[in-house]
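Following: one structure in structure tokens, then a few remarks.
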2 protein chains.
Amino acid sequence: MDVAEARFDAFNALCPSRRLLDTIGDKWASLVIVALGLEGPLRYSRLATRIDGVSQKMLTQTLRGLERDGLVTRTVTPSVPVRVDYALTPLGLSLLGTLRHLKDWAEEHMPQVDAARAAYDRGDRV
Amino acid sequence: MDVAEARFDAFNALCPSRRLLDTIGDKWASLVIVALGLEGPLRYSRLATRIDGVSQKMLTQTLRGLERDGLVTRTVTPSVPVRVDYALTPLGLSLLGTLRHLKDWAEEHMPQVDAARAAYDRGDRV
DNA sequence: CGGCATCCTGTGAGATACTG
DNA sequence: CAGTATCTCACAGGATGCCG
């Protein structure tokens, strides 16, 4: 297994695209980025309500990951009670631009995907 | 739970970007698309060797999904033994272009992400 | 308010063996 | 050659309860 694992690690290390996809492919991560992009800096509690269906655990976990990756900043205001704001970094902001490309493709082509899917499920044969 | 689930479905239905991310965020799906993009049509067995570490099960499952979504075609040649070729559709090809945008961002910015990550793990505080 | 620690569960990936 | 079928097991992720 050592050999396989070594190859796998090398593969990941050498493939930035793959690692990017791992990041934005994450359901909550992409939603957080978009939310912060649309509304600017947000408090934790506000993010929680803006992103429908996310659990505390996943929100926190996602934010930690994004912070670690330098995509968002975490600002603690030590008032009582505590206030924590999250915002996109310039890096996160540039990623937002790339996400827009994806969005464009999606809005232009997903209907075709839907049609293909419906046809496939109907069992259409050429 | 009905309410929550209903909202969730509506959310997914109304958000093409999210569904696109679900597709290309899938590890094997994106690798298959890129492999077919780089080398043109490929047989099942060739895909299996080109995509390092994929299991039969996941490869088949991934290809079925991509075929269903109209991104790849599956062509069976009923010789003995059977021969099956997979190729990108025009739709899949256009998606490949979008993936290139992602790749560009990744190659330009992932080093920054790596740096941020290393700093975070080192425990650097501002 | 904004978390972390703990427990619990379901999905889904991998290994293995069999088939048209 | 190109799959399908079955099992097992790990881990992502939800629920809950406590803390600074």
Side-chain angles (χ1 to χ4, degrees), chain A residues 1-9 11-12 18 21-32 35-36 41-68 72-87 120, chain B residues 1-5 7-8 11-12 18 21-23 25-32 35-36 41-68 72-87 120 123:
Chain A
M1 287 288 187
D2 331 352
V3 181
E5 282 180 30
R7 261 191 310 192
F8 186 77
D9 285 338
F11 167 74
N12 263 351
R18 180 89 286 291
L21 279 171
D22 283 341
T23 300
I24 63 174
D26 181 74
K27 178 173 181 172
W28 305 119
S30 50
L31 289 177
V32 166
L36 291 176
L42 290 175
R43 299 184 59 167
Y44 180 90
S45 51
R46 188 134 184 85
L47 270 173
T49 58
R50 297 305 284 155
I51 301 179
D52 210 45
V54 71
S55 63
Q56 287 179 347
K57 178 180 170 180
M58 290 316 294
L59 183 54
T60 300
Q61 190 172 304
T62 300
L63 288 167
R64 288 289 175 279
L66 292 175
E67 188 194 359
R68 183 167 109 104
V72 309
T73 55
R74 177 171 183 272
T75 311
V76 181
T77 308
S79 51
V80 181
V82 189
R83 173 196 176 106
V84 182
D85 288 278
Y86 292 91
Y120 186 95
Chain B
M1 287 289 188
D2 330 351
V3 181
E5 283 179 29
R7 262 192 309 191
F8 186 77
F11 168 74
N12 264 351
R18 180 91 285 290
L21 279 171
D22 282 343
T23 300
D26 181 76
K27 177 173 181 171
W28 305 120
S30 51
L31 289 177
V32 165
L36 291 176
L42 291 174
R43 301 184 58 167
Y44 179 91
S45 51
R46 188 137 185 83
L47 269 173
T49 59
R50 296 303 285 154
I51 301 178
D52 209 46
V54 71
S55 63
Q56 286 180 347
K57 177 181 169 180
M58 290 317 294
L59 182 55
T60 300
Q61 191 171 304
T62 299
L63 288 166
R64 288 287 177 280
L66 292 174
E67 188 195 0
R68 184 168 109 103
V72 310
T73 55
R74 176 171 183 271
T75 311
V76 180
T77 308
S79 52
V80 180
V82 189
R83 172 195 178 107
V84 182
D85 289 277
Y86 292 91
Y120 187 95

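Chain letters run A, B, ... following the sequence lines, proteins first and then strands; every chain starts at 1. The figures that follow rest on heavy atoms only: side chains count, while hydrogens, waters and symmetry mates do not.
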Item to complete: Grab the CD-P distance between Q61(B) and dT11(C) for me, whole Å please.
Response: 14 Å

Item to complete: Send over the distance from K57(B) NZ to dT16(C) C1', rounded to a whole Å.
Response: 12 Å

Fill in: Separation of atom CG in L63(A) from atom P in dC4(C), rounded to whole Å
10 Å

Worksheet entry | Protein-nucleotide distance (D85(B), atom CG; dA2(D), atom C1'), rounded to Å | 12 Å

Discussion item. Rounding to an integer number of Å, can you tell me how far I51(A) CD1 sits from dG14(D) P?
Written reply: 13 Å

Worksheet item: To the nearest angstrom, how far is R83(B) atom CZ from dG3(D) atom P?
Response: 13 Å

Fill in: Toward the 5' end of DNA chain C, by each residue's nearest nucleotide, V82(A) or T60(A)
V82(A)

Item to complete: Give one of base, sugar-phosphate or nothing for R64(B), where a contact means two heavy atoms less than 4.0 Å apart.
Response: sugar-phosphate

Worksheet item: Does a nitrogen or oxygen in the side chain of Y44(A) sit under 4.0 Å from OP1 or OP2 of dC4(C)?
Response: no

Discussion item. Any side-chain N or O of Y86(B) below 4.0 angstrom from OP1/OP2 of dG3(D)?
Written reply: yes

Worksheet item: Should the heavy atoms of other residues, nucleotides or ligands under 6.0 Å from CZ of R68(B) be counted, would the total exceed 12?
Response: yes

Worksheet item: Roughly how far, to the nearest 0.5 Å, is the CH2 atom of W28(B) from the CD1 atom of I51(B)?
Response: 7.5 Å

Practice prompt. Would you mind telling me which of dG14(C), dG14(D), dA2(D) lies closest to the side-chain atoms of S55(B)?
Written response: dG14(C)

Worksheet item: From dC1(D), dG2(C), dG3(D), pick the nucleotide closest to the side chain of R43(B)?
Response: dC1(D)

Practice prompt. Measure the distance from CG on D22(B) to C1' on dG12(C) and round it to the nearest whole Å.
Written response: 15 Å

Practice prompt. Please work out if Q56(A) contacts a base, only the sugar-phosphate, or nothing of the nucleic acid, heavy-atom cut-off 4.0 Å.
Written response: base

Response to the item:
Closest non-hydrogen atoms of L47(B) and A35(B), given as atom of the first, atom of the second and distance, are CD2-CB, 4.2 Å

Worksheet item: Any side-chain N or O of S45(A) less than 4.0 Å from the OP1 or OP2 oxygen of dC1(C)?
Response: no

Worksheet item: Do the non-hydrogen side-chain atoms of V72(B) and L36(B) ever get within less than 4.5 Å of each other?
Response: yes

Worksheet item: If you look at every strand shown and take non-hydrogen atoms under 4.0 Å, does R74(A) touch a base, only sugar-phosphate, or nothing?
Response: sugar-phosphate

Worksheet entry | Atom-pair distance (CH2 on W28(A); C1' on dG14(D)), nearest Å | 11 Å

Practice prompt. With sequence neighbours excluded, tell me which residues meet side-chain contact (heavy atoms from CB on, under 4.5 Å) with R64(B).
Written response: Y120(A), T60(B), E67(B), R74(B), Y86(B)

Response to the item:
Result for 5'-nearest mapping on DNA chain D, choosing between V54(A) and P81(A), is V54(A)

